[in-house]
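Everything below concerns the one structure shown next.
As the structure is a prediction and not an experimental result, all values here were calculated from the model.
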Amino acid sequence: MALVTWGLRRRTFHPLSRVLLLKLTVVVISVLLFCEYFIYYLVIFQCRWPEVKTLAHGGRQKPVLKAMFLADTHLLGEIRGHWLDKLRREWQMERAFQTALWLLQPEVIFILGDIFDEGKWSTAQAWADDVQRFQKMFRHGSHVQLKVVIGNHDIGFHYQMSKYRIKRFEKVFGSERLFSWKGVNFVMVNSVAMEGDGCSICSEAEAELREISRKLNCSREQAQGSSQCEGERWLPFSAPVLLQHYPLYRASDANCSGEDAVPPEERNVPFKEKYDVLSREASQKLLWWLQPRLVLSGHTHSACEVLHPGGVPEVSVPSFSWRNRNNPSFIMGSLTSKDYAISKCYLPFEDRVLAIYGAAAGFLVFLILAHLDRFSSSFLFGWKLCRMHKRR
């Protein structure tokens with residue numbers, strides 16, 4: 001009888017086990033591929049470059065520059081960075097960046113500060129390790145330019161920053177403050193140095209901005225036929241786009257709206273000048289010196305659109321990382337020397353990805369329970385046959 005029962009169990013259990021194992025493997029691999037790879041293509045494929053007017057006087061087409069703007073990647077360091085948190089968040093940002101690069105084909109990418117989470121603390125070796133990880137995650141071809149703006153987590157707040165940290169940052173990412181391409185001028189400000197207290201770093205930063213202002217003014221005067229700037233290397237005649245980490249002064253996020261704005265219960269919390277936003281005085285200086293047509297900033301991790309005096313719009317770019325928000329995004333800009341258009345591209349929502357994993361886990365449990373139920377039924381059938389044989 002034991003041999004009969006054993007033979008029955010061998011015939012019913014093992015084939016079912018192999019089928020079950022195959023099903024589980026297919027489900028697990030499929031879900032992993034979708035959630036960690038294909039979902040980025042599915043979501044970012046829906047993003048489109050905004051259209052901008054390109055027809056100039058005389059019927060000539062103005063060249064359009066395609067630019068991506070992202071902020072607050074906050075690569076974790078050795079002090080506060082748990083290995084699992086690093087792995088999860090950095091894989092998310094790497095896949096999002098590389099997918100956007102392949103699908104959207106931008107010409108230039110700007111990251112608006114706080115590249116690292118612990119740049120203000122990191123040792124020389126930790127800094128080198130963080131830079132190596134950044135360069136792997138945000139790798140790009142030689143036909144794409146990547147420009148990086150200084151943030152407070154990269155060099156520290158005003159009371160923490162030093163010339164050593166600034167030079168260390170600029171050695172990797174460059175010290176360029178004025179960048180022009182296809183007739184579009186970008187001014188990249190070290191907003192941490194806009195403290196206005198006369199410190200040596202702050203004085204140097206302001207002197208550099210005043211020189212940029214002079215060059216921009218010369219480009220305007222050239223267009224008007226003035227000869228006061230003869231001998232200068234002419235910039236394109238175009239109002240600049242101001243890029244910085246801290247937002248220009250605003251009292252709070254009370255007027256911000258949208259699904260990626262700060263939560264409603266936090267919108268009326270007053271901002272602290274020189275910590276959450278630039279001071280009123282520093283903001284007025286930048287608007288006066290540079291006369292920008294558009295301002296893009298980071299730091300708050302949330303979206304906001306503000307109209308400053310003189311009709312200058314500012315867009316606060318949300319964080320690019322799941323660590324800072326559930327629905328990260330970046331800005332896509334189509335720019336000419338005279339006009340621009342911007343749109344937002346969302347990345348996969350973290351809670352939706354987790355929901356897919358949860359549903360997949362539930363489906364796996366169902367498959368296992370269904371198999372166990374079949375096995376139990378086969379066992380009972382064999383036991384009944386055994387009892388019938390004994391009665392005979």
Side-chain angles (χ1 to χ4, degrees), residues 44 47 66-76 89-90 92-98 100-101 104 106 108-120 130 134 137-138 140 144-157 169 172-174 177 179 186-192 194 241-248 250 253 256 258-262 271 275-278 286 292 294-306 313-333 335 340 342-350:
I44 297 176
C47 300
K66 293 181 178 179
M68 268 175 54
F69 305 91
L70 51 120
D72 295 280
T73 52
H74 283 272
L75 270 71
L76 293 171
R89 276 40 170 152
E90 291 181 11
Q92 171 256 324
M93 288 191 286
E94 180 177 350
R95 287 308 334 139
F97 182 82
Q98 296 300 326
L101 204 62
L104 302 175
V108 60
I109 301 160
F110 296 95
I111 306 181
L112 305 180
D114 279 2
I115 314 305
F116 306 110
D117 195 59
E118 300 176 10
K120 55 188 178 181
D130 292 346
F134 172 87
M137 291 167 57
F138 294 93
H140 55 89
V144 179
Q145 298 211 44
L146 178 66
K147 303 292 181 181
V148 177
V149 176
I150 290 175
N152 58 288
H153 275 266
D154 302 315
I155 62 171
F157 283 99
F169 185 92
V172 177
F173 300 108
R177 296 286 177 263
F179 171 69
F186 298 93
V187 179
M188 296 172 283
V189 175
N190 175 6
S191 51
V192 184
M194 296 300 293
V241 177
L242 175 58
L243 306 175
Q244 58 186 31
H245 182 62
Y246 287 156
L248 295 176
R250 60 178 184 258
D253 272 350
C256 305
E259 61 180 316
D260 53 353
V262 72
F271 279 149
Y275 187 85
D276 299 309
V277 293
L278 285 180
L286 289 173
L294 173 66
V295 181
L296 290 130
S297 59
H299 190 55
T300 65
H301 300 171
S302 299
C304 190
E305 294 185 14
V306 181
E314 177 179 7
V315 176
S316 288
V317 182
S319 175
F320 193 69
S321 173
W322 274 347
R323 189 168 184 264
N324 297 319
R325 60 180 312 104
N326 174 59
N327 55 343
S329 61
F330 60 90
I331 298 294
M332 302 168 62
L335 305 102
Y340 69 86
I342 59 175
S343 63
K344 187 176 293 181
C345 181
Y346 285 97
L347 305 182
F349 288 20
E350 184 178 28

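- Within the 4.5 Å cutoff, the side chain of L75 has heavy atoms near those of the M93 side chain.
- Between F134 and the choices F173, F97, F169, the ring pair (Phe, Tyr, Trp, His ring centres under 6.0 Å) rule is met once, by F173.
- Other residues, nucleotides and ligands place more than 12 heavy atoms under 6.0 Å from the CZ atom of F157.
- Taking each heavy atom of I342 and G333 in turn, the nearest pair found is CG2-CA, 4.0 Å.
- Counting all heavy atoms, side chain and backbone alike, P348 lies closest to W322 at O-NE1, 3.0 Å.
- Relative ring orientation between F69 and F110 is described as parallel, the plane-to-plane angle staying below 30° on a 0-90° scale split at 30° and 60°.
- If you take OG1 on T300 and CZ on R250, they are separated by 5.5 Å, rounding to the nearest 0.5 Å.
- Here the CG-CG distance, from L294 to L242, works out to 8.5 Å after rounding to the nearest 0.5 Å.
- The side-chain tip of K147 does not point at the ring of F186 from less than 6.0 angstrom away and within 45° of straight on.
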Item to check | Stepwise side chain to side chain contact (heavy atoms under 4.5 Å, CB included) check, L286 with V189 | outcome: CA-CA 9 Å; L286 289 173; V189 175; 4.3 Å; yes
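- Between Y275 and N152, every side-chain heavy-atom pair lies at or beyond the 4.5 Å cut-off.
- We find the CG-CD1 distance between N190 and I155 to be 4.5 Å, quoted to the nearest 0.5 Å.
- Put simply, the side chain of S319 gets close to the backbone of D72: a donor and an acceptor are under 3.5 Å apart.
- Proximity of a side-chain donor or acceptor of Q98 to a complementary backbone N or O of M137 within less than 3.5 Å is detected.
- Ion pairing of R323 with E90 is absent here, as no side-chain N (NZ or NE/NH1/NH2) approaches a carboxylate O to less than 4.0 Å.
- With rounding to the nearest 0.5 angstrom, the CD1 atom of I109 is 9.5 Å from the CG atom of L104.
- Within 6.0 Å of CD in Q145 there are more than 12 heavy atoms belonging to other residues, nucleotides or ligands.
- A donor-acceptor contact shorter than 3.5 Å is absent between the side chain of D260 and the backbone of S302.
- Between H140 and F138, the closest side-chain pair of non-hydrogen atoms is not below 4.5 Å.
- Closest heavy-atom contact between E314 and P247: OE2-CA, 3.2 Å.
- Taking CZ of R177 as the start and CG of L243 as the end, the distance is 11.5 Å to the nearest 0.5 Å.
- A pairwise comparison of heavy atoms in R325 and A261 identifies NH2-O, 4.1 Å as the closest pair.
- Separating the OG atom in S321 from the CG atom in D117 is a distance of 9.5 Å, to the nearest 0.5 Å.
- A side-chain hydrogen bond (donor to acceptor under 3.5 Å, both in side chains) with H299 is found for exactly one of Q244, H153, H245, namely H245.
- Using a 4.5 Å cut-off on side-chain heavy atoms (C-beta onward), Y340 and P313 make contact.
- Using a distance-only test at 3.5 Å, with no hydrogens or angles considered, no donor-acceptor pair links the side chain of H301 to the main chain of P318.
- Scanning both residues, V192 and G156, for their nearest heavy atoms gives CG1-O, 3.3 Å.
- With S191 contributing its side chain and Y246 its backbone, the two residues share a donor-acceptor pair below 3.5 Å.
- A donor-acceptor pair under 3.5 Å is formed between the side chain of D154 and the backbone N or O of I115.
- Of all non-hydrogen atoms in A303 and C256, the two that sit nearest each other are O-CB, 4.0 Å.
- Counting heavy atoms from C-beta on, the side chains of L112 and S297 never come closer than 4.5 Å.
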